[in-house]
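So you know, we letter chains A, B, ... as the sequences are listed, proteins then strands, and number each from 1.
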Amino acid sequence: MQFFLAEGARLGLGLIGVISLVAVNALFLIWMERKVSAHIQLRPGPMEVGFHGALQTIADALKLIGKELITPEDVDKLIYLLAPIVMFLPVLVSFLVIPFSPTLLIRDLNVGVLLIFAFSTLTVLAILMAGWASNNKYSLLGAIRSVAQNVAYEIPLLLTAMSIILMAGSFQPSVIVSQQAKVWNIFVQPLAFLLFIICGTAETNRAPFDIPEAESELVAGFHTEYSGMRFAIFFLAEYTNMFIVSAVATIFFLGGWHGPFLPPVVWFLLKVYALIFLMMWFRWTFPRLRFDQLITFAWKILIPLALLNLIVTAFVLKLVR
Amino acid sequence: MSELFSLAGLSFLMIVGMTLGGAFIAVGARNIFHNVLGLALSLFGVAGIFLFLNSPFLAMMEILIYVGAICIAICFAIMLSEPLYRPRPPRKPIKLLGAGLGAGLVFVVLAALVKKTAWVPAAARSDDWSVATIGHYLLTKYALIFEAISLILLVAMLGAIVNAKNGRGREES
Amino acid sequence: MKAYVKETLTGFYSLLAGLGVTIRYFVKPIVTVQYPREKIDMSPRYRGHTEFLLDPETGSHRCNACENCARTCPSGVITVTGVKVPGTKKKRAVTYVLDYSLCSLCGLCVEVCPTNALKFSNEYRLAGYSRQDMIIDVMARLKAQQRALGLPEEVPPAPEAEAPAPEAAKSGEAES
Amino acid sequence: MMLEKGLEERTFYLNLGPQHPSTHGVLRIVLEMDGEFIVTADPVIGYGHRAHEKMAELRTYQQYLPNMGRVDYLHALAYNQCYCMAVEKLAGITVPERAEFIRVITSELNRISSHLLWFGAYLLDLGAFTPFLYCFDDREQILDLLDRLTGSRLTYCFYRFGGVPVDIDDDFIAGCRAFSQRLRSRWDDYDNLVTKNVIFIHRTRDVGILPPEMALQYGVTGPTLRGSGIPYDIRKSEPFSVYPLFDFEIPIGERGDVMDRYLVRLQEMEQSLRIIEQALDKLPNGPIMAEKVPKRLKPPEGEVYTAVETARGEFGIYLVSKGDVKPYRVKLRVPCFSNLSVLPELIKDTMVADAVAILGSIDLVIPEIDR
């Protein structure tokens, strides 16, 4: 009983911490995205609310909260309402196992990495639900695209993840991080890092892989019909997904919390935000791929490379050990 | 009975409820998309049961493969099926009865089996879920299953490729 | 196979080149203007709405209400009324009202004016809550200008034959 | 999407527009879709109809001038020029050479600004946001130059019958030279950011191929036609104004795909820079306005057709006069109307993403189609 109480308290604290982190992180990331895009495009970005527009996203969030929640006619109501929740829940769960520092993690599961990958697949289901339930052709097209894309990109993502897991010999995030105390995996597995970042960008539906919500083709893709807070949750989930993908990449390749002088948490967050910056940089540089090219790219380039990387890794490991 | 009201017990009830409820939606709902979602919910519950059986790895795989991949694939298939605005054929009581009887029979057989089996406590299994162990098992104890699954997947993939090739006749674009 | 590898590599390089361009611009200074806080000067020839040219000799406008501008205007924007100046054959404008919401800023009125009484104003921040806000009383603007410069306000000559049209006068009052 | 029982449900209809991010205006395209593939496309126009042709019959020749900048607001000066040429031809007014030079310089600047806007907006269609802002930064320089000269930034109404109302000064000339230098220094960045980008190449190469024969059948003109390899440009084939005095090339494409149309426009900007520089070098002195242009213009009875090369293709005006102060009839031959008519052929059997890419590559200005 006492075990459950202690564990319950830990989980409860963790949940509160995670929810506040998700909210603050999303607010910060949206501001960051605006600033990064603005400066790439020679403009200042938001400047009015707060210092350099730092509070702009809070104002926007308030606006979104105040907006009417429109439920269009003829939608599949239950699914329409459930989709944002299904989108958001797995995102929360993933935070359970992310080690921010040797001590700051909620649950050090021995299948932690798998948990993140397993729950991230639910995002696809949520997108499909949203697109289907909206009863809108643009939404449905976006949802179908999203599914094909995510299925195609999950394979190379898991394959590259496998090569790292092979090296570490464990699915436990903290073990993977501790093994990089001396040399970060990015120096051992540069190709895997590259593939992982590409697939991660695709998994989070970000440009140049943002075809499920390609605004010039599908208006807003799967969330065309969502308004107000429901739309905001999709937005929140998108940015939190970015954070999770970057966090996993940090755990896998950038040595997690390792780094001199600064406290581990700071190092971890620094690395995560650096990767997020990279993803934003992609978004504001590249045009969007076409749907079939995207799939071709995954099958013809990413998967062979990931397989090759995995085989070479296994081979080298066998030789070394 | 009292242990059902502990934290663990409550979560167990929840998971069983999810599994059963999902299963009922999966067979009972008239909207085919709802059926898939019910299936996903049910499989999610099954993953939870695996957790209770102290197999987190299997639980995660359940979610990753069944919820994440299979259900999505089914959704894909749905997109190719009859449009939903078509009036659905009415349910025939005889069919319903038959299905119920069949399911009941399977349940009875399974229950009898469960009753008869002498269950070994789970503690006898190791707690080691490292990649090496899993790999070892896959190539020794479960080699046949592993190979069989690979074969099935290969056949499925070949079939998919053949279907895709003949399907639309848009190879040129 | 060789082509495949080559295409992958060159493609990858082209992406890096693109990233190089954007990061270079990322550190460049911004080029936009924070509009309500900063204001750029309009070019001297900016074609805003028209207003009266303040004749430095007389300290007033030169309009003699010939209505050439009103006639040449493609959109019928201009309403001008004048009265006969006593003792001469000339007329003199008393009201000059623009319906700016119809104006297409072609500048024909300025060109056609025989006395060069009109010029373009530099005002570009013209926003309003109603259509009434878009009706510009050019005469009132001139008077405000005269007041700002400390020039005597012109007393319109007493109407002799024709009185100013009541509607035009009314809309002029509403504006000022 | 209730369909009749007889119609099979293999295809469905998708409305691209009238309000859609990639139609750049109120154009509606009814797409019959088979999944992501387009079976047929049916453009529906007329949402932005303003009766420009009818308005000409109700206004005097001068009063119709401002309309011309609004038919195609992106290359307004070419439309101005065409109308002025038509009226001048009808009324027998000769334009002084310096005025013609000024017209060419400003019109070419306007052409560059139109192409720059197209370039940015097109990349926006393809999902790249940033080039749009870079192009607008460059375009802004042109707008500033033209603003200082004409007093307007978009819907210029600058040319007059018989010349131009305002002369260019040394500041303007220096500004033009500085601009051409600046734009040339940006080509590398554009190349690295867009033209050489592998994603961009894959999105545009061999997409939306317009065979030259089909282009001719549909009366396609402008860069869209030249992308298919037909060097037809009014500036060369039926020279007007002082274009014969300048040395410039007509860039053409080879395959007629989206990429070729894109490249043609990029190269056209370079050629326009060349024309501007030559015009600035050769700029003669003299009057900028023909003498004795009556204020109440009453051209003699007759009819006339003039055409100019705008950023989108051949724009022609057919003007009939009955000797009145108002034209009897004005017919505008706008390039986008013909260019749009070829669109259904081009986007047949492509995906939505390609349809957007092709639609953008034709460079439509919707109000010009509707007039």
Novice: Report which part of D:Asp137 has an atom under 4.5 Å of a heavy atom belonging to chain C: side chain, backbone, both, or neither.
Specialist: side chain
Novice: Is there side-chain contact between D:Val198 and C:Phe12, with at least one heavy-atom pair below 4.5 Å?
Specialist: no
Novice: Count the heavy atoms belonging to other residues, nucleotides or ligands that lie under 6.0 Å from CD of C:Glu38, then report whether that count exceeds 12.
Specialist: yes
Novice: What part of C:Thr22 is in contact with chain D, defined as an atom under 4.5 angstrom from a non-hydrogen atom: side chain, backbone, both or neither?
Specialist: both
Novice: Does C:Lys28, at its NZ atom, have more than 12 non-hydrogen atoms belonging to other residues, nucleotides or ligands within less than 6.0 Å?
Specialist: yes
Novice: Pair D:His202, C:Glu7 - check side-chain contact (heavy atoms from CB on, under 4.5 Å), show working.
Specialist: CA-CA 11 Å; D:His202 276 274; C:Glu7 210 209 315; 2.9 Å; yes
Novice: Step through the shown structure and confirm whether more than 12 heavy atoms of other residues, nucleotides or ligands are within 6.0 Å of NZ on D:Lys54.
Specialist: no
Novice: Out of curiosity, D:Asn197 CG to C:Leu16 CG, how far, rounded to the nearest 0.5 Å?
Specialist: 10.5 Å
Novice: Could you look at D:Arg148 and say if it's the side chain, the backbone, both or neither that has a heavy atom under 4.5 Å from chain C?
Specialist: both
Novice: Supply the atom-to-atom distance D:Leu133 CG to C:Thr32 OG1, rounded to the nearest 0.5 angstrom.
Specialist: 8.5 Å
Novice: Would you give the length of the straight line joining atom CG of C:Leu108 to atom SG of D:Cys157, rounded to the nearest 0.5 angstrom?
Specialist: 5.5 Å
Novice: Should we say atom CD of D:Gln181 is surrounded by more than 12 heavy atoms from elsewhere, each under 6.0 Å from it?
Specialist: no
Novice: CD/D:Gln63 to CZ/C:Arg71 distance, rounded to the nearest 0.5 angstrom?
Specialist: 11.0 Å
Novice: May I ask you to name which of C:Gly20, C:Ser14, C:Pro74 has the most heavy-atom pairs under 4.5 Å with chain D?
Specialist: C:Pro74
Novice: Let's test your reading of the structure: which of C:Tyr25, C:Tyr13, C:Phe120, C:Tyr46 forms the most heavy-atom pairs below 4.5 Å with chain D?
Specialist: C:Tyr25
Novice: Less than 4.5 Å apart, side chain to side chain, heavy atoms only: is that true for C:Val31 and D:Glu140?
Specialist: no
Novice: At a 4.5 Å cut-off on heavy atoms, which part of D:Thr60 comes close to chain C: side chain, backbone, both, or neither?
Specialist: neither
Novice: Minimum heavy-atom separation for D:Leu193 and C:Gly18, please, with both atom names.
Specialist: CD1-O, 3.7 Å
Novice: Can you confirm whether D:Arg205 is buried at CZ, in the sense that more than 12 heavy atoms of other residues, nucleotides or ligands lie under 6.0 Å from that atom?
Specialist: yes
Novice: Just so I understand: if I count every heavy-atom pair under 4.5 Å between each of D:Asn192, D:Asn67, D:Asp189, D:Val194 and chain C, which residue has the most?
Specialist: D:Asp189
Novice: Contact part of D:Pro165 toward chain C, heavy-atom cut-off under 4.5 Å: side chain, backbone, both or neither?
Specialist: side chain
Novice: How many angstroms lie between atom CZ of C:Arg47 and atom OG1 of D:Thr150, to the nearest 0.5 angstrom?
Specialist: 5.5 Å
Novice: Report which part of D:Leu58 has an atom under 4.5 Å of a heavy atom belonging to chain C: side chain, backbone, both, or neither.
Specialist: neither
Novice: Please classify the contact of D:Val166 with chain C as side chain, backbone, both or neither, using a heavy-atom distance under 4.5 Å.
Specialist: side chain
Novice: Among the options D:Gln62, D:Arg70, D:Met55, pick out the one with the most heavy-atom pairs lying under 4.5 Å from chain C.
Specialist: D:Arg70
Novice: Please state whether the side chain, the backbone, both or neither of D:Tyr64 comes within less than 4.5 Å of a heavy atom of chain C.
Specialist: neither
